[in-house]
Amino acid sequence: HTKLLQLLTTKPE
Amino acid sequence: VHHSAMSPEEFISRIMEAEPPEIYLMEDLKKPFTEASMMMSLTNLADKELVLMISWAKKIPGFVELSLTDQIHLLKCCWLEILMLGLMWRSVDHPGKLIFSPDFKLNREEGQCVEGIMEIFDMLLAATSRFRELKLQREEYVCLKAMILLNSNLCTSAPQTAEELESRNKLLRLLDSVIDALVWAISKMGLSTQQQTLRLGHLTMLLSHIRHVSNKGMDHLSTMKRKNVVLVYDLLLEMLDANT
């Protein structure tokens with residue numbers, strides 16, 4: 001997984 | 001509330017809330033800069049800002065409803081334009097200076113230490129002057145930034161599948177909402193109808209300059225990386241590689 005994809009798919013806190 | 005049902009006022013207040021917090025470089029800047037130290041400070045800051053940019057994009061009403069492929073493409077296309085518009089906004093009240101962050105401010109002349117960067121600094125300063133002349137308002141600024149994001153990929157990909165077509169239609173409706181929001185922001189300034197139309201034209205025309213400076217900046221950064229002046233890593237590397 002790329003970092004961009006990771007950041008896009010993580011739920012906001 | 002879905003963005004299509006929001007008033008322009010609500011839409012703007014949502015994108016104002018999405019604005020990323022002020023970011024600091026938090027490095028001891030040793031002056032005078034060397035080519036390597038300035039490039040390192042610039043790229044370190046960009047990498048930090050990129051992480052916040054992703055969270056910002058996700059808070060724009062409707063963005064996360066686009067296909068993940070579109071979300072990725074849009075961000076990869078426009079990230080440097082978004083960084084540059086943010087830089088212009090921070091610098092708008094400081095003629096001749098580029099306010100990269102509250103603890104990292106550069107004069108035009110300081111660009112001399114990095115080969116090829118002064119030309120880019122001058123273009124950034126020139127666009128910033130235009131925004132100063134136009135007395136850019138915060139509401140207009142946040143709309144322009146959302147426009148850059150949503151418009152960045154519109155003419156480079158034709159939808160193939162039903163899913164891509166659906167996402168593209170959502171994207172077009174979202175752009176409608178942002179344009180409506182910008183028109184509303186301009187309408188609040190007490191200008192004549194003709195002056196409002198002219199202002200909309202002038203503001204949106206500036207976006208083509210920002211795209212141009214971003215392309216120049218992208219070339220410059222990839223050259224600096226190729227020549228090993230600076231080590232580009234992590235998210236910034238991923239975003240740069242998408243453009244080269």
Side-chain angles (χ1 to χ4, degrees), chain A, chain B residues 14-15 17-21 23 43-44 46-80 82-83 149-150 152-153 167 170-171 174 218 231-244:
Chain A
H1 281 245
T2 66
K3 178 127 188 221
L4 174 58
L5 188 60
Q6 207 181 344
L7 289 166
L8 278 172
T9 50
T10 47
K11 292 265 175 284
E13 327 68 59
Chain B
R14 289 283 296 275
I15 52 177
E17 286 163 22
E19 271 298 282
I23 190 160
T43 51
N44 282 347
D47 193 61
K48 288 187 193 189
E49 282 195 85
L50 279 172
V51 176
L52 294 179
M53 190 191 296
I54 314 305
S55 320
W56 159 78
K58 288 164 79 177
K59 289 182 201 149
I60 293 175
F63 183 78
V64 293
E65 290 161 39
L66 304 173
S67 71
L68 203 49
T69 316
D70 272 350
Q71 293 178 37
I72 291 169
H73 277 153
L74 290 171
L75 282 161
K76 282 184 171 176
C77 275
C78 75
W79 65 272
L80 190 50
I82 301 279
L83 290 184
L149 172 69
L150 300 168
S152 63
N153 198 27
S167 183
K170 283 181 184 167
L171 180 59
L174 192 47
M218 204 75 79
L231 182 68
V232 181
Y233 55 90
D234 218 21
L235 186 55
L236 182 60
L237 177 64
E238 197 181 324
M239 303 302 259
L240 179 66
D241 279 349
N243 287 273
T244 47

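Because the structure is a prediction, the values reported are computed rather than measured.
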Between [atom1] of [X] and [atom2] of [Y], what distance do you get to the nearest 0.5 Å?
X: A:Leu7; Y: B:Gln71; atom1: CG; atom2: CD; result: 12.0 Å
X: B:Lys76; Y: A:Thr2; atom1: NZ; atom2: OG1; result: 6.0 Å
X: A:Leu5; Y: B:Ile72; atom1: CG; atom2: CD1; result: 4.5 Å

Q: Give a yes or no answer on whether the side chain of B:Glu238 reaches the backbone of A:Lys3 with a donor-acceptor pair at less than 3.5 Å.
A: yes

Q) Where does B:Leu50 contact chain A at under 4.5 Å (heavy atoms): side chain, backbone, both or neither? A) neither

**Q.** Over all atoms of both residues, closest heavy-atom pair of A:Leu4 and B:Leu235
**A.**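 The pair with the smallest heavy-atom distance is N-CD1, 3.8 Å.
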
